[in-house]
Structures are given as C-alpha cells and as structure tokens.
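Please read the structure below before turning to the comments.
Start at 1 with the first residue, then count along the sequence.
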Amino acid sequence: MADPKAEPGREGTRLISALEKCWTEIQKHHPAVPPVVFITGTGVPRRQVEKPATSTDAPARRHYVTRGHHWADRWVVADQEGRLAELFVAGETIRDGGEAILQTELHEAAHALAHVRGIRDTSPGDPRWHRKEFAQLAREVGLEPPRRSSRPLGFSNCTLPEKTRKKYASVIRRLDAAALPGLRGHDQDAAADDPANTPEPPPRSNNGKRYKVSCECDPPRGFPVTLKVLDEGPILCGICETEFTLPEENDQDPADEPTTTPEAEPAPAAAGTATTLPEPRPAEPEPTTAFPLDKGR
C-alpha cells in the first residue's frame, strides 16, 4: 500500500480501500457474504462526550464506543438492481490495528449473512441484544462467541481465535503495515468503557425471589420473574414490542414480599380512663387524568 506521506490529502481514500480489501478477503472464504458500502467516523455519540449545558463544571459522560454496525439495504447504487448494506467501522477500531478491524468486519459479516438468509439475529425490542442465532453465524465466519449471554449485548462479545488469526494473517499484516489513520477519542478511557471490552458480570443471585418487570404499554403490563430468567435474555411484550424491564433496582421490592406494612391496631384502653378518638384524615385530592408521553420508537 502507498506511503501515506507520498499522498497527502488521500488518507480517507486509503482508509476505505483498506477496509474494502479486508472485506473482499472475507468474501473469498464466505461467498454468501454480500457486497457493502463502507463508511467510517467516530464510534462515540456526540451526546456522550459533551458536558451537560446546565452546568459547566459537570463531568463528561462515559464513552461507549460502537466498534461497527451493519445496516441492511441502506444505500442506493446506480449500477445495482437492489440496495447495498452500509458497513460502519469506527475510527477507534481502526486505531487499534489489523486484528481489531478484522474482528469487527467478521462480526458484521455474520450480521450480513443473517440478513441474506432471513435470520433474526438480534432482538426486535432491543437491536443491541445478539441472539443465539447470531452466535451460530459468528462461529461460522470464524469468531468464538461467548458461552453465555450477558447484559446488555447478549452474545455480541465474540473473540478472534488463533485459528482465524492464522487464516487471515496476511490481511492483518497488510492492515498494520498501512499505518491507517485512526481516532483516539476524547480521552484515553473511551475503549476501557466500551461494553464490548467489559468482562462478563457474574450471574446475579436472586435467592429464589421474584421481581416485577413491566413494559411500555399504557397502562404497563407486568409480571414477576427471577433475576436468573431475566439475565438469560430479553422478554418482549407482544403488544408494544418493547422489553420487559425492572424499574430502578434501588426502589424495587421483591414480588414475593409484601410491599406495604399493615397498621398496628391500637391497644385497648384501661378501665376507668377516657378514650381519645383519632383525628379524622384529611380529604384526599381529586385524581387527575394523566396523558401518556409519546416516547417514540
């Protein structure tokens, strides 16, 4: 690949060309993987790096880096009968070198195969949640999926096994030798805060207790469930198509425990003493009609 110093102003061309060549190598091993249109940029949403406008002293928010995404039927190309998918590889991923780029493109190749074959590999209620179907496709393209799902991404956090690393060794070397431009992000902790780099949390202990989950219906539907069942994957509502979730855990009462404490009965008065009558309760205010807030989709 050309020396970047010899072609000033063409860094973007070099970068996209390198991503396309890596995808071409993947297609050689997996002919069913379709062509895509590559784009790049930062994987950190702007709202996560800007300080809140209400306070100039407030700290910046945590960074969650999107390593890449596959968006089916996104681009219209003049010489193509159908649309092409968009494949985004973050500048933060490119900064991390050839192995990170290959791992991300293989991950998105699994999504591309799911689209071609009509397989639902992510949750319809939460596209971040990768289902068991994705794990099977990831293994097919050469990645090693996690043994169990973890919140909030399901089976997304795949690794690059040694067998696949050797298979694409020349691709990794070319990507590293190209010295591609990359994004370091707004601080050094961006990659460390990435959910994909976070180790799987240990399973939550529930001691058999059940907690009430609810959806976004109006009024919300709900039912009690154990934390173990909730951690296995999202439970979707068939009406509003959203995930049943817990309210703030600090305010959550177990569903198998009473949420109210009965009032203690007053002790009987002793003989010969006057009985003090309780003061009447104040009148309760008239209930007001609550209008649902349109949260969008």
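- Formation of a donor-acceptor pair under 3.5 Å by the T42 side chain with backbone atoms of V44 is found in this model.
- Considering only residues two or more places apart in sequence or on other chains, H115 meets the ring pair (Phe, Tyr, Trp, His ring centres under 6.0 Å) condition with none of them.
- Listed for the T226 side chain is no donor-acceptor partner under 3.5 Å among the backbone atoms of R210.
- The side-chain heavy atoms of L106 and T164, taken from C-beta on, include a pair separated by under 4.5 Å.
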In sequence, state the C-alpha distance, the side-chain angles, and the governing distance for Y211 and V225, and then conclude on side chain to side chain contact (heavy atoms under 4.5 Å, CB included). CA-CA 5 Å; Y211 295 81; V225 65; 5.6 Å; no
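- Between L153 and R128, the closest side-chain pair of non-hydrogen atoms falls below 4.5 Å.
- In this structure, H107 has its ring center no closer than 6.0 Å to that of H69.
- Side-chain contact between I235 and V213 is absent, with no heavy atoms from C-beta onward closer than 4.5 Å.
- Placement of I16 and W71 in two distinct hydrophobic clusters is found when ILVMFWY residues are connected by side-chain heavy-atom separations under 4.5 Å, directly or transitively.
- Here the side chains of W129 and R131 are in contact, with some heavy-atom distance below 4.5 Å.
- When all heavy atoms of L87 and E108 are compared, the pair lying nearest together is CD1-CB, 3.6 Å.
- Judged by distance alone, the side chain of E86 and the main-chain N or O of V37 form no donor-acceptor pair under 3.5 Å.
- In this view, E25 and K28, R174 satisfy the salt bridge (charged side-chain N to carboxylate O under 4.0 Å, His left out) rule, not counting sequence neighbours.
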Does the pair R74 and R83 meet the rule for a side chain to side chain contact (heavy atoms under 4.5 Å, CB included), with working shown? CA-CA 6 Å; R74 175 68 170 163; R83 294 171 177 261; over 6 Å; no
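- Classification of R165 and E162 as a salt-bridged pair holds, one side-chain N sitting under 4.0 Å from a carboxylate O.
- For S17 (side chain) and T13 (main-chain N/O), no donor-acceptor pair under 3.5 Å exists by modelled atom type.
- For the residue pair H111 and D121, a side-chain donor N or O sits within less than 3.5 Å of a side-chain acceptor on the partner.
- Side-chain rings of F244 and F223 approach one another, their centers coming within less than 6.0 Å.
- Looking at T93, its side chain never comes within 3.5 Å of a backbone N or O of I101 through a donor-acceptor pair.
- A donor-acceptor pair under 3.5 Å is absent between the side-chain atoms of Q103 and the main chain of G98, judged by distance alone.
- Contacts of R120 classified as salt bridge (charged side-chain N to carboxylate O under 4.0 Å, His left out), with partners at least two apart in sequence or in another chain: none.
- Counting all heavy atoms, side chain and backbone alike, R147 lies closest to F155 at O-CE2, 4.1 Å.
- Rounded to the nearest 0.5 Å, atoms SG (C22) and CG (L102) are 5.0 Å apart.
- Annotation for P145 and R139: closest pair CG-NH2, 3.2 Å, computed over non-hydrogen atoms.
- Note that NZ of K21 and CD1 of I26 are 15.0 Å apart. Values are rounded to the nearest 0.5 Å.
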From CA spacing to verdict: side chain to side chain contact (heavy atoms under 4.5 Å, CB included), T159, L143: CA-CA 6 Å; T159 58; L143 296 175; over 6 Å; no
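- The hydrophobic cluster containing V116 does not contain V141, counting ILVMFWY residues as joined when their side-chain heavy atoms lie under 4.5 angstrom apart, directly or transitively.
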Kindly indicate, with the supporting measurements, whether the criterion side chain to side chain contact (heavy atoms under 4.5 Å, CB included) is fulfilled by E99 and L175. CA-CA 8 Å; E99 284 193 14; L175 289 170; over 6 Å; no
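- Considering only heavy atoms from C-beta on, P224 stays 4.5 Å or farther from K209 through its side chain.
- A 4.5 Å side-chain heavy-atom check between R95 and L183 finds every atom pair outside the cut-off.
- Closest of all the heavy-atom pairs between G68 and T104 is CA-CG2, 4.0 Å.
- For the atom pair CG (L113) and CD1 (I119), the distance works out to 8.0 Å, reported to the nearest 0.5 Å.
- Side-chain atoms of W23 and E105 form no donor-acceptor pair, as typed in the model, at a separation below 3.5 Å.
- What you find for P181 and I94 is that their closest heavy atoms are O-CG2, 3.2 Å.
- When hydrophobic clusters are built by joining Ile, Leu, Val, Met, Phe, Trp and Tyr residues whose side-chain heavy atoms come closer than 4.5 Å, directly or via intermediates, W75 is grouped together with F88.
- Atom CG of L19 is separated from atom CG of L180 by 7.0 Å, given to the nearest 0.5 angstrom.
- Within the 6.0 Å centre-distance limit, the rings of H29 and Y168 are counted as a close aromatic pair.
- Contact detail for Q27 and P35: the closest heavy-atom pair is NE2-N, 3.4 Å.
- No donor-acceptor pair under 3.5 Å is formed between the side chain of E144 and the backbone N or O of L160.
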